[in-house]
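See structure below.
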There are 2 protein chains.
Amino acid sequence: MANSASGDSVVDRVVRVIAAFPEGVAVLQLSELAERAGLPLSSAHRLVRQLAEHGFLDLGAGGNVRLGMRLWELVNRNSPTLALRQAAMPFMEDIQQVLSRNVNLAVLDGWEALFVERLSRRGSVANRARVAGRMPVHISSAGLALMANQPRDVQAEYLGQFSDPGGKVTAGVVRQLLAETAQQGYAQLAGVVDPDTWSIAVPVVDGKRRTVAALGVVLPLAETRPQALVPALQTAARGIGRQLDKLREG
Amino acid sequence: MANSASGDSVVDRVVRVIAAFPEGVAVLQLSELAERAGLPLSSAHRLVRQLAEHGFLDLGAGGNVRLGMRLWELVNRNSPTLALRQAAMPFMEDIQQVLSRNVNLAVLDGWEALFVERLSRRGSVANRARVAGRMPVHISSAGLALMANQPRDVQAEYLGQFSDPGGKVTAGVVRQLLAETAQQGYAQLAGVVDPDTWSIAVPVVDGKRRTVAALGVVLPLAETRPQALVPALQTAARGIGRQLDKLREG
DNA sequence: CTGCACTTTCCATTCAATGGTACGGGCTCG
DNA sequence: CGAGCCCGTACCATTGAATGGAAAGTGCAG
């Protein structure tokens with residue numbers, strides 16, 4: 001044998017090691033990590049030790065492996081959504097104060113809404129949208145708000161996904177949802193994620209007219225006219241867009 | 001030439017590429033990245049492309065490189081401080097509501113306090129403690145609260161750092177600060193970071209009596225009796241510790 | 001239109017990465 | 001209490017994957 005019997009590069013392996021942690025799991029036994037990453041134990045051990053030397057992983061006594069603080073720090077200091085989150089935070093706090101609702105901020109990644117920031121209020125309804133959590137575009141208000149404002153070609157490619165059989169959702173239904181969202185200027189979904197909640201989201205648009213994020217709130221179904229919150233959200237979204245442009249210049 | 005003329009492994013290089021982004025910088029030109037990482041352009045290019053294939057980096061048109069959303073997502077879903085942050089969030093929100101102050105949460109990493117979560121209030125004084133920001137132990141209340149409650153051997157090793165000449169701070173001064181902090185049960189610093197602010201922090205202790213974090217607030221110097229906030233912080237800190245134990249079991 | 005600076009691709013060379021094997025320590029089960 | 005097992009750690013001969021100089025491609029500025 002020699003370099004990689006399985007035909008994968010070192011980079012592939014490093015990625016597999018770091019990506020081997022299942023969602024929400026912080027500690028992994030070395031042997032389990034090796035198995036999950038599909039690597040021989042000795043190779044996994046060597047890689048882990050090398051990464052640990054750089055603080056990208058932590059190799060504790062007894063072979064329990066965690067992600068390293070250095071990696072966390074680097075990613076959070078230089079993440080591509082850093083400017084967005086900084087721009088959005090004050091406005092999200094305003095919304096939370098004024099409306100007393102869970103607030104969240106999402107970007108489009110693939111065909112899913114990826115939630116990059118969230119403020120939840122104790123006592124208000126549970127917010128399923130975890131930070132770093134994902135939800136498919138067509139079953140989240142944030143996803144709809146994002147997709148409904150994407151360029152035509154992106155939407156077309158996205159809708160193409162639903163042509164395949166086996167899916168309960170058809171392209172027509174999704175197209176209709178997107179059309180409504182675009183026409184209204186906001187997305188609204190009831191009971192899809194959690195049967196007892198509404199969710200509403202509006203697009204955040206930057207100076208170049210690109211929809212870069214979605215700002216949303218979650219509220220109990222009991223709320224009779226959730227649309228009443230839309231103007232507040234739209235105002236905040238405009239503020240975020242403006243602030244984002246400022247940050248990108250300076 | 002062959003594998004690494006400079007004697008560094010592939011893992012070293014991958015780490016250097018990811019770590020090449022200066023603080024707060026999200027985009028880097030490929031050539032600049034190569035220089036910062038100390039790599040030949042073609043090697044940097046190959047590594048970046050490989051990492052980009054896995055979503056750990058984004059290689060945009062024109063060779064501008066960003067950290068990838070996948071990496072951000074992985075790190076935030078599996079970070080070692082995830083449980084801590086989840087346990088702390090509700091209590092931090094309570095503090096923010098009740099005291100109307102900036103709240104922050106830090107852990108000890110090396111000889112620095114690393115801020116892992118923060119809630120800031122519009123209109124209240126600026127909070128210099130950025131998420132993923134660091135501050136030396138002896139000039140942050142969070143750092144003092146953390147170090148003052150570490151085991152003896154850790155403190156001894158830490159204090160050893162100040163033996164070297166050239167530093168304005170002596171071991172004696174720091175030892176005194178730590179002693180006061182330990183005796184009072186909270187750390188308090190005025191005007192060190194920002195001349196117009198106080199900062200106060202209390203330790204967060206888990207079920208095994210280990211000090212795992214520091215919970216702190218920042219407030220204007222005008223505040224006459226900042227100590228009045230201590231009981232509220234301590235109550236919240238105890239709550240966080242208890243919640244953390246629960247999360248670790250379940 | 002020319003020149004420059006940067007990204008991207010190519011490919012022969014060669015040493016760093018590989019993983020089977022073996023050792024050691026801790027835990028469980030009979 | 002001892003045997004067996006599992007898991008982390010260390011070693012080292014083999015070899016093909018990683019390397020980087022060089023050249024081609026690209027886009028922008030003057």
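The sequence lines fix the lettering, A, B, ..., with proteins before strands; numbering per chain opens at 1. All values reported here derive from a predicted model rather than from experimental measurement.
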Looking only at non-hydrogen atoms, find the nearest pair between B/Ala145 and B/Ala187 and report the distance.
-> N-CB, 3.8 Å
B/Asp8 side chain vs B/Asp12 backbone, donor-acceptor pair below 3.5 Å = no
Output yes when B/Asp206 and B/Arg248 qualify as a salt bridge under the 4.0 Å nitrogen-oxygen rule, no when they do not.
-> yes
Looking only at atom types and distance, does a side-chain atom of B/Ser163 sit under 3.5 Å from a main-chain N or O of B/Gly160, one as donor and one as acceptor?
-> yes
Intermediate values then yes/no, side chain to side chain contact (heavy atoms under 4.5 Å, CB included), A/Leu30 and A/Leu41 | CA-CA 8 Å; A/Leu30 181 58; A/Leu41 183 60; 4.2 Å; yes
Between A/Val11 and A/Gly63, the residue closer to the 5' end of DNA chain D by nearest nucleotide is A/Gly63
Strictly below 4.0 Å, heavy-atom distances to any atom of DNA chain C: list the hits from residues 25-40 of chain B, or just say none.
-> B/Gln29, B/Leu30, B/Ser31
Mind running side-chain hydrogen bond (donor to acceptor under 3.5 Å, both in side chains) on A/Arg85 and A/Ser79 for me, showing each step along the way?
-> CA-CA 10 Å; A/Arg85 276 150 63 210; A/Ser79 98; 3.3 Å; yes
Do the non-hydrogen side-chain atoms of A/Met135 and A/Phe115 ever get within less than 4.5 Å of each other?
-> yes
Keeping the roles fixed (side chain from A/Arg70, backbone from A/His54), state whether a donor-acceptor pair exists under 3.5 Å.
-> yes
Are there any protein N/O atoms within less than 3.5 Å of an N/O atom in nucleotides 25-29 of chain C, and if so, which ones and at what distance?
none

Does the A/Glu112 side chain pair with the main chain of A/Leu114, one donor and one acceptor, at a distance under 3.5 Å?
-> no
Members of residues 41-61 of chain A that approach DNA chain C, where some heavy atom sits under 4.0 Å away | A/Ser42, A/Ser43, A/Arg46
Which residues pass the side-chain hydrogen bond (donor to acceptor under 3.5 Å, both in side chains) test with B/Gln50, sequence neighbours left out?
-> A/Ser9
Step by step, work out the side chain to side chain contact (heavy atoms under 4.5 Å, CB included) result for A/Phe56 and B/Ile18.
-> CA-CA 10 Å; A/Phe56 271 37; B/Ile18 293 177; 3.9 Å; yes
Pairwise salt bridge (Lys or Arg N to Asp or Glu O under 4.0 Å) hits with a residue in residues 37-62 of chain A, at least two apart | none
Tightest non-hydrogen contact, residues B/Gly207 and B/Asp245, listed as N-OD2, 2.9 Å
Does C/dT18 have OP1 or OP2 sitting under 4.0 Å from an N or O in the side chain of A/Arg13?
-> yes
Could you run down nucleotides 25-30 of chain D 5' to 3' and tag each one B, S or - for protein heavy-atom contact under 4.0 Å?
-> ------
